[in-house]
2 protein chains.
Amino acid sequence: MTTPSLPAQPTVVLVDDHAMFRAGVRAEIADTIDIVGEAGSVAEAIATIRRLKPAVVLLDVHLPDGGGPAVLAAVLDELPAVRFLALSVSDAAEDVISVIRAGARGYVTKTISGPDLSAAIHRVAEGDVVFSPRLAGFVLDAFRDAGPGPVAPVDSELDQLTPREQEVMRLLARGYSYREIGGELFISIKTVETHASNVLRKLQLSSRHQLTRWAADRRIV
Amino acid sequence: MTTPSLPAQPTVVLVDDHAMFRAGVRAEIADTIDIVGEAGSVAEAIATIRRLKPAVVLLDVHLPDGGGPAVLAAVLDELPAVRFLALSVSDAAEDVISVIRAGARGYVTKTISGPDLSAAIHRVAEGDVVFSPRLAGFVLDAFRDAGPGPVAPVDSELDQLTPREQEVMRLLARGYSYREIGGELFISIKTVETHASNVLRKLQLSSRHQLTRWAADRRIV
DNA sequence: CCCGGAATCGGGGTCACGCCCGATGCTCCA
DNA sequence: TGGAGCATCGGGCGTGACCCCGATTCCGGG
């Protein structure tokens, strides 16, 4: 489906909110990559990609107004031929997973050298999936956990809780006292106690602090 | 005390762990700034600054092995003529405060434009203090809280705690109960209570959860 | 129509938490 | 020889957290 077949210089749009970083990337890879456009925000990126239809988008994960995933969500279905390579300072598992799930074809950190980045862009343009060695483990783990995956995102644990219990759970995890939660939800302390007790029992936890960690691990807070 | 008096191009050493970002900065400001050296790590930065004695050091706040403050701590007393301008992606108050307390003469975010950065470097070289407008509030607040402040640099907050109190603090922040801490440190619950009470009072906190957040913000846990 | 789940409260209790006193022994230093 | 700082304990007290019991109301379904 890719229009040409020559391994020539792929066209690239560069998305990063720091103009100075874009200048650095341009200086490093311009000799082997054809940078046809740049963008510094989510809206600008979407418009630029639609207009230029590049072979590859170099996409910063952390952007105002939704970050890289927001760009991907807006453009991916519309332009399936465009490949996205995430480029981020972060090597945190959640950043990697979020942008890969959103549809990126690769993820490299900004510590990468110019030649390596050029090579990665060429590979993504040709259909390969590219990851920094350090990140391979994250990706494998994530997809192993997600299983061969039906569509089920499964919050089987969260679904055990009634709506009201989930509400109380979130406030508990943030460290609110029973009194504060009662004030927030316009119910009495005793009701909060009941919900809290149910939450802890259903989640097989025994203290508020364990709940905090539980919620943090699942990014509920 | 500054050696020359000409407002010529100040000599600058550029410290950032991303070579690509350094390349971008260089491309943007090389016409009005004399970049005499670069470094990508704390150790390299210290050596380079000692060797080149630049007028200004452009210093990334987030570096492996201690970050910008570690560089400042090592070089500031030794080379008081060198001015440091912090350059960071972060506009978090704690980052600003930590590096300013460590001795930086200014703080700008990486969203700054090339010409603005050039101007900021010139101003710092001439002895001015430079802050991005958004950060002025943080700095003013911090120095208002800290009072007219003597020379006191350092982690004034952590240093208020005795060694034993710091030990207890870390366990408290992790959610250990007083009984568990006592078991861990081979002391009685009452002693743990004393230390815990001292910790909370010295840090001006009132609950274990606030301490958890306090420690998390400072990456102590 | 009655049964069960959900949500709302209450009384009672145990224990941890945080704070207020006090006391002892130790080391370091003027 | 003091005194200051640190670490170690104790009693007591008020409050919150968490659990056990029970109770009521509402609503939807067999």
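All values below come from the heavy atoms of this structure, side chains included, with hydrogens, waters and symmetry mates left out. Here is the naming used below: chain letters follow the sequence lines, and residue numbers restart at 1 for every chain. This is a predicted model, so every value here is computed, not measured.
A:Tyr178 places its OH atom 16 Å from the C1' atom of C:dC9, with the value rounded to the nearest Å. At whole-Å resolution of the value, CZ in A:Arg164 and P in D:dC26 are 17 Å apart. Across the protein-nucleic acid pair, A:Leu172 atom CG and D:dA17 atom P stand 9 Å apart, rounded to whole Å. What separates CD1 of A:Ile189 from C1' of D:dT15 is a distance of 11 Å, to the nearest Å. One can place CZ of B:Arg201 at 13 Å from C1' of D:dC6, the figure rounded to the nearest angstrom. If you take NE2 of A:His209 and C1' of C:dA16, they are 14 Å apart, rounded to a whole angstrom. In this structure, B:Glu193 atom CD and D:dC13 atom C1' are separated by 12 Å, rounded to whole Å. When the P atom of D:dT8 is taken as reference, atom CD1 of B:Ile187 falls 5 Å away, rounded to whole Å.
Heavy-atom minimum distance, B:Phe21 versus B:Asp16: CD2-OD2, 3.3 Å. Of all non-hydrogen atoms in A:Ala173 and A:Leu211, the two that sit nearest each other are N-CD2, 4.1 Å. Across all non-hydrogen atoms, the minimal contact from A:Lys110 to A:Leu87 is CE-O, 3.9 Å.
With D:dC9, D:dG16, C:dC9 as the candidates, the nucleotide lying closest to the side chain of B:Thr194 is D:dC9. Proximity note for A:Thr191 (side chain, C-beta onward) versus D:dC9, C:dA16, C:dT8: the nearest is C:dT8.
Among the heavy atoms of the strands lying under 4.0 Å from B:Thr162 are primed sugar atoms or P, OP1, OP2 only; no base atom is included.
Nucleotides of DNA chain C nearest to A:His195 and A:Lys190 differ in position, and the one nearer the 5' end is that of A:His195. Nucleotides of DNA chain D nearest to A:Arg179 and A:Ser197 differ in position, and the one nearer the 5' end is that of A:Arg179.
Counting non-hydrogen atoms of other residues, nucleotides and ligands closer than 6.0 Å to CZ of B:Arg179 gives a total of 12 or fewer.
Within the 4.0 Å cut-off from OP1 or OP2 of C:dG10, at least one side-chain nitrogen or oxygen of A:Ser188 is found.
Considering CD of B:Glu180 and CD1 of B:Ile189, their distance stands at 10.5 Å, rounded to 0.5 Å.
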